[in-house]
Peer 1: 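I am attaching a structure below and will ask some questions about it afterwards.
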Amino acid sequence: MLTYELKRPVSIIGVGCTPFGNVLETPELKGMTERELFAWAAIEAMEDAGLEASEVDAFYIAHCMPETLSHQFSSFAMVADWIGMRNKPGFHHETACSSTNTGLRHAVLDVASGVYDVVLSGGIETTNSHPMEGKPAHMREPLSNAELWYRTNYGADQAYWYPGGMAVSALCDFALMGYAKKYGVSLKDIERALNAASIANRRNAVRNPLATITTKELADEAREHGFSDVNDYMTSDFNPKLGTIMRAFHAATVVDGASALIVCATDIAKNFTDAPIDVIGFGSAVTIPYHETEAQWEVEKSAFDQAYRMAKINPYRDIDYMHVHDCMLNTHITSTETGGYFRPGTSWKAILEGRTAFDGDKPISTTGGRTWMGHAWSASAGAEIAEAVRQMRGLCGDRQIDPAPEVSVIENIGHGIHVNVSVLRAHV
Amino acid sequence: MVKMQPYVKNWYDFFEEGKVMGLKCNRCGSYEFPPVATCHNCFGTDLSWVEMSGRGKLVAFTLNPYPDPPFAEYAPFIYGEVVLEEGPAYATMILGVDLDKQEELYERLPVDVTAVIQQRDGYKFIAFEPVG
């Protein structure tokens, strides 16, 4: 029988995240390999939790494309010594771009089962480059965006989905065409909403010290290019179309980075931190997206429903902050409604009204999103969970949600498709 | 003993014969297109090959201006979501569409389409094109 209950409550007690950038260029990251990045995030999470590696019983490392991007599998061994976990249980896993959200689930279940008390779960990806053949790991060369996406599309089923000429942009445009038809919204208004979502994400990224790839808001960037109205800039050749609807600024920017979190049994959480965050629900579901013919995907609905049933929350009433998987910004419109953050057919207008900004009443993706904090494949979901934890603790500075959220939902979608949803609540 | 067969190869081999084939569940009558070994509806595993109508409705599409290298020769092309008359949905290339008339195509959705088997390097695959 499905109980949708943890046998033992579990809390997040520490989070860590590197700056997201490019190990070939970004000053804070330059010259680092996957090992230093993962260790950075993991040690930061341990320090945040107030413990050392000797107190961690097991760890997970999410690494989505290790063979392509790191010329390496056995990622568990790659990092074990670096984080003090030699001769302890360590596991590599991936569910593509939802990996570190799934990694939270793995860690929670390990603790909820009673097998372990404290588990670390993190992720690493270096998307902008790969090692030189046969050379030490720090000797890397750039990987073109086209080559990266070609290899990333190994995430698409190679029997049936890929051979028809698969386009990732289709996942955005199909959903939005369905949405526009269903709710009688013009494609012009859909484009305006996507542009507004990108502008809001950029505004968050500029305020997020871990988002290194951008330093100015889109309105300022527009002015530098001679546009007095940012909306004109957003529909200009500076923001080219990648599909029928989607434009470049509606899509992910690829980055390198790592994230980590530490969970423990709730009944001992206060031994480590004054501010534990309880993991009160999760849900997962998989499909191949050609089965999805509506704006709101069944696979997402399944994952959200599982998570809310477990968390015993009413999404329309109880959620203070939501992160949706915005490697394509259609999710600010479609996934937020599937996840009950907005009533059907209303999200696009809420975005245009500024309600999804960090200082709006329905904040989304205050990291800067995968558009402007960037997308580090398996590492990003952990960054988004870390952001939710920090928002709930009131630590997000000039992008802090006021009042600090009590209940947060983090939804991620991995290529292929894997959806993972986690529900967090501030411990009382 | 499970009666497994090379479903993927067989599906593509049928295209060589000019046939668009799917599987029909012998327990509940649901269709699997493309073919898989378990019925999505009743979870039965007793399925038989049947010829599909090849008719369906295009419900959504996108322009693919920058496809991966294996499809570069087609760029730019329309890629669409088709719901088949028999129930299953599939996404593939949509041929016979004027790229300058995407807005018109969008306004006409859902659009009746029919299957067209296309030759590629070493295999044939299924695309669709609007009827009429």
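Throughout, protein chains are lettered first and strands after them, A, B, ... in sequence-line order, and every chain is numbered starting at 1.
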Peer 1: Name the member of Ile245(A), Thr293(A), Ile288(A) that forms the most heavy-atom pairs with chain B at distances under 4.5 Å.
Peer 2: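 Most heavy-atom pairs under 4.5 Å with chain B: Thr293(A).
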Peer 1: Checking heavy atoms, do the side chain of Pro88(B), its backbone, both or neither come under 4.5 Å from chain A?
Peer 2: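 Neither part; nothing is under 4.5 Å.
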Peer 1: Which atoms of Phe125(B) are under 4.5 Å from chain A, going by heavy atoms: the side chain, the backbone, both sets, or neither?
Peer 2: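 For Phe125(B), the contact with chain A is made by the side chain alone.
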Peer 1: Please test Phe71(B) against Tyr162(A) for ring-ring contact (aromatic ring centres under 6.0 Å, His included), starting from the C-alpha separation and ending with a verdict.
Peer 2: CA-CA 10 Å; Phe71(B) 301 98; Tyr162(A) 192 74; 5.5 Å; yes
Peer 1: Would you say the rings of Tyr290(A) and Phe33(B) are close, in the sense that their centroids are separated by under 6.0 Å?
Peer 2: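 No; Tyr290(A) has its ring centre 6.0 Å or more from that of Phe33(B).
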Peer 1: Less than 4.5 Å to any heavy atom of chain B: does that hold for the side chain of Ala180(A), its backbone, both, or neither?
Peer 2: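 Interface part for Ala180(A): both.
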Peer 1: Does any heavy atom of chain A fall under 4.5 Å from the side chain of Tyr106(B), the backbone, both, or neither of them?
Peer 2: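 Backbone plus side chain of Tyr106(B), per the 4.5 Å heavy-atom cut-off to chain A.
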Peer 1: Could you give the distance from CG (Leu58(B)) to CE (Met177(A)), rounded to the nearest 0.5 Å?
Peer 2: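 The CG atom of Leu58(B) sits 8.5 Å away from the CE atom of Met177(A).
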Peer 1: Kindly assign one of parallel, tilted or perpendicular to the pair Tyr160(A) and Trp11(B), based on the angle between their ring planes and the thresholds 30° and 60°.
Peer 2: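 Answer is perpendicular, since the angle exceeds 60°.
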Peer 1: If I measure from the heavy atoms of chain A, does Val8(B) come under 4.5 Å with its side chain, its backbone, both, or neither?
Peer 2: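 Both parts, backbone and side chain.
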Peer 1: For chain A, find its close neighbours in residues 15-22 of chain B: heavy-atom separation under 4.5 Å, sorted by number, or none.
Peer 2: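 Checking residues 15-22 of chain B against chain A gives no residue, so none.
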Peer 1: Most heavy-atom pairs under 4.5 angstrom with chain A, which of Pro76(B), Ala127(B), Gly80(B)?
Peer 2: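 Most heavy-atom pairs under 4.5 Å with chain A: Gly80(B).
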Peer 1: Rounded to the nearest 0.5 Å, how far apart are OH of Tyr90(B) and CH2 of Trp161(A)?
Peer 2: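 Those atoms lie 11.0 Å apart.
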Peer 1: Heavy-atom distances under 4.5 Å only: say whether Leu109(B) touches chain A with side chain, backbone, both or neither.
Peer 2: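 Contact with chain A: backbone and side chain both.
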Peer 1: So for Leu242(A), is it side chain, backbone, both, or neither that comes closer than 4.5 Å to the heavy atoms of chain B?
Peer 2: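 When you check distances to chain B, atoms from both the backbone and side chain of Leu242(A) fall under 4.5 Å.
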Peer 1: Pick one of side chain, backbone, both or neither for Tyr74(B), based on which atoms fall under 4.5 Å of a heavy atom in chain A.
Peer 2: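 Contact with chain A involves no heavy atom of Tyr74(B) at all.
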Peer 1: At a 4.5 Å cut-off on heavy atoms, which part of Glu81(B) comes close to chain A: side chain, backbone, both, or neither?
Peer 2: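 Contact with chain A: backbone and side chain both.
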Peer 1: In Å, rounded to the nearest 0.5 Å, how long is the span from OH of Tyr79(B) to CZ of Phe174(A)?
Peer 2: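 Rounded to the nearest 0.5 Å, the OH-CZ separation comes out at 5.5 Å.
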Peer 1: Hey, what do you get for CG (Asp173(A)) to CG (Leu63(B)), rounding to the nearest 0.5 Å?
Peer 2: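 Spacing of CG (Asp173(A)) from CG (Leu63(B)) equals 9.0 Å.
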Peer 1: Determine which residues belonging to residues 344-352 of chain A lie within contact range of chain B, meaning some heavy atom pair is under 4.5 Å apart, and list them by number or answer 'none'.
Peer 2: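 From residues 344-352 of chain A, none sit under 4.5 Å of chain B.
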Peer 1: Which pair of heavy atoms, one from Arg108(B) and one from Lys181(A), lies closest together, and at what distance?
Peer 2: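 Smallest heavy-atom distance, with atoms named: N-NZ, 4.5 Å.
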